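Notes follow once the structure below has been shown.
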Protein chains: 2
Amino acid sequence: MTVTSPRKSITSVDSSALETLVGYNTRRASLVITEVFVERMAVHDLRMVEFSILSLVGHNPGITSRQLSSALSILPPNLVSLVNGIDKRGLVERQPHPVDGRAVGLHLTSAGETLLAEAEHTAAQLEMESTASLSAAERKTLIRLLQKIYRA
Amino acid sequence: MTVTSPRKSITSVDSSALETLVGYNTRRASLVITEVFVERMAVHDLRMVEFSILSLVGHNPGITSRQLSSALSILPPNLVSLVNGIDKRGLVERQPHPVDGRAVGLHLTSAGETLLAEAEHTAAQLEMESTASLSAAERKTLIRLLQKIYRA
DNA sequence: TATTGTTATACTCTATAACTATA
DNA sequence: TATAGTTATAGAGTATAACAATA
């Protein structure tokens, strides 16, 4: 005879299998931090990627689009409109590259310098906010372990 | 007089400012693991989200679409085509919910059980592969710290 | 009234091919 | 021949509004 197993409903979802995976946990944590980042950085009208570009240009005057592309794992075609956007907002300037006529060096304007300083302050705040459950030592350990993965 | 600062080119990119941020490091690590995941899981024709759904259905027989939506932070409309896809592949079955006439309980078929077992084996392997630079203790610590963030 | 599942739709993000100017 | 920057475009991921059926 055939026994049809009863179809029960579940109350709480068991995610323990997924939670054994580093990839799953990394993605969940990334989603939480990203959400806080987007909310708090909206006052500067900056998305995550725009903040990253501004930061790299600020700390690497003369950086090229190709170098940004490589450093942020963004494909060159997708960088065009991003750089155009912060250029039109008067945050960065394009200067001819000193040695390579094909390339263009990016530099922050004084408005860009000001906004980056404010945005970095906001970023530091929201970081502490979204990782408030971690001690300073744990935060340091977490960053070290994550870097071991993506620098490997 | 106006002094124009010389426009130099940079050789290596300094990302140290971004690297002080937990959010940046989490995202970079997530990108690396995701890349390995996509490559290795292609043999099962499973994307990350499809593996996650299969795992939750497998370990929570009778789970509803709404519960999946909540557990994976996927909006209900975006879950429809995903569940339809693995349904058409014969990996899951929809059964009427025992107590709620609006809901539908999801269950793995035997083909789904088989594929999930294989995919979980692949996932465990690629996890070790993409986090090979971590010791077992470090991997455990990393997961614990990440969970403190997204469970906060 | 509220919720489950769904359709339709729009917007963002990511990826590929191909072009131009220069190396 | 190769590389930097760009255009056009396609696909994947994520978002909101609104509907039918059921609670």
Side-chain angles (χ1 to χ4, degrees), chain A residues 7 9-11 13 27-28 30-32 34-35 37-39 41-42 45-53 57 60 62-88 92-107, chain B residues 7 9-11 13 27-28 30-32 34-35 37-39 41-42 45-53 57 62-88 92-106:
Chain A
R7 300 304 192 177
S9 62
I10 61 166
T11 49
V13 176
R27 175 152 171 74
R28 300 292 308 189
S30 187
L31 284 176
V32 167
T34 297
E35 188 178 2
F37 193 101
V38 169
E39 283 172 13
M41 207 56 82
D45 195 19
L46 287 178
R47 284 174 296 168
M48 219 165 185
V49 62
E50 291 166 332
F51 170 78
S52 300
I53 293 173
V57 174
N60 300 272
I63 192 172
T64 67
S65 184
R66 182 64 53 156
Q67 287 172 318
L68 278 178
S69 167
S70 173
L72 294 175
S73 296
I74 299 173
L75 293 169
N78 299 330
L79 255 175
V80 176
S81 63
L82 290 170
V83 173
N84 280 341
I86 57 178
D87 185 3
K88 283 175 185 164
V92 300
E93 276 178 350
R94 299 178 210 233
Q95 301 282 343
H97 193 280
V99 298
D100 190 335
R102 298 168 301 180
V104 179
L106 296 171
H107 303 260
Chain B
R7 300 304 193 177
S9 62
I10 62 165
T11 48
V13 176
R27 174 154 171 73
R28 299 292 309 189
S30 186
L31 284 176
V32 167
T34 297
E35 189 179 2
F37 192 101
V38 169
E39 283 173 12
M41 208 56 82
D45 195 18
L46 287 178
R47 284 175 295 167
M48 217 163 186
V49 63
E50 292 165 331
F51 170 78
S52 300
I53 293 172
V57 173
I63 192 172
T64 67
S65 184
R66 183 63 55 157
Q67 287 173 317
L68 277 179
S69 167
S70 174
L72 294 175
S73 296
I74 298 173
L75 293 169
N78 300 330
L79 213 57
V80 177
S81 63
L82 289 170
V83 173
N84 280 342
I86 56 178
D87 184 4
K88 282 175 186 165
V92 300
E93 278 180 348
R94 300 178 208 232
Q95 300 282 344
H97 193 279
V99 298
D100 190 337
R102 298 167 302 179
V104 178
L106 297 171

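Since the structure is predicted, the reported quantities are computational estimates derived from the model, not experimental observations. Residue numbers start from 1 in every chain, and the chains themselves are labelled A, B, ... in the order their sequence lines are given, proteins ahead of strands.
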(request) Considering only heavy atoms of chain B and a distance under 4.0 Å, specify the first and last nucleotide of DNA chain D in 5' to 3' order that meet this criterion. (result) D:dG13 to D:dA23
Nucleotide N/O of nucleotides 11-13 of chain C paired with protein N/O under 3.5 Å:
from: C:dC13; atom 1: OP2; to: A:Arg47; atom 2: NH1; distance (Å): 2.3

(request) Measure the shortest side-chain to side-chain distance between A:Leu82 and A:Arg47 over non-hydrogen atoms and say whether it is less than 4.5 angstrom. (result) yes
(message) Within this structure, what is the OG-CG distance for the pair A:Ser65 and A:Leu79, rounded to the nearest 0.5 Å?
(response) 4.5 Å
(message) Expected output is a numbered-order residue list: members of residues 63-75 of chain B with a heavy atom under 4.0 Å from any atom of DNA chain D. What is it?
(response) B:Leu75
(request) Rounded to the nearest 0.5 Å, what's the gap from CD1 on B:Ile53 to CD1 on B:Ile86? Could you check? (result) 5.0 Å
(request) Run the numbers on B:Leu106 and B:Arg94 for side chain to side chain contact (heavy atoms under 4.5 Å, CB included), then give the verdict. (result) CA-CA 5 Å; B:Leu106 297 171; B:Arg94 300 178 208 232; 3.7 Å; yes
(message) Please find the pair of heavy atoms, one from B:Phe51 and one from B:Met41, that lie closest to each other, and give the distance.
(response) CD1-CE, 4.1 Å
(message) Checking B:Ile10 now: which residues fulfil side-chain contact (heavy atoms from CB on, under 4.5 Å) with it, not counting sequence neighbours?
(response) A:Asn60, A:Ile63, A:Gln67, B:Val13
(request) Write down the distance between NE2 (A:His97) and C1' (C:dA21), rounded to a whole number of angstrom. (result) 16 Å
(request) Apply side-chain contact (heavy atoms from CB on, under 4.5 Å) to A:Val38 and list each qualifying residue two or more places apart in sequence or on a separate chain. (result) A:Thr34
(message) Under the side chain to side chain contact (heavy atoms under 4.5 Å, CB included) test against B:Ser73, which residue among A:Arg28, A:Arg27, A:Glu35 passes?
(response) A:Arg28
(message) Just verifying a value: how many Å separate B:Leu72 CG and B:Asn78 CG, rounded to the nearest 0.5 Å?
(response) 12.0 Å
(request) Mind jotting down which residue pairs meet the salt bridge (Lys or Arg N to Asp or Glu O under 4.0 Å) criterion with at least one end in residues 62-85 of chain A? Sequence neighbours excluded, please. (result) none
(message) If I take atom CG in residue B:Leu106 and atom P in nucleotide C:dT4, what distance separates them, rounded to the nearest angstrom?
(response) 14 Å
(message) What is the separation between atom CZ on B:Arg102 and atom P on C:dT4, rounded to the nearest whole Å?
(response) 6 Å
(request) For A:Pro77 and for A:Leu31, locate the closest nucleotide of DNA chain D by heavy-atom distance; then report the residue assigned to the nucleotide nearer the 5' terminus. (result) A:Pro77
(request) Could you state the atom-to-atom distance from CG of B:Asn84 to C1' of C:dT4 in whole Å? (result) 15 Å
(message) Please check this pair: side chain of A:Thr64 against backbone of A:Val104, looking for a donor-acceptor N/O pair closer than 3.5 Å.
(response) no
(request) Write down the distance between CG (B:Asn78) and P (C:dA10), rounded to a whole number of angstrom. (result) 15 Å
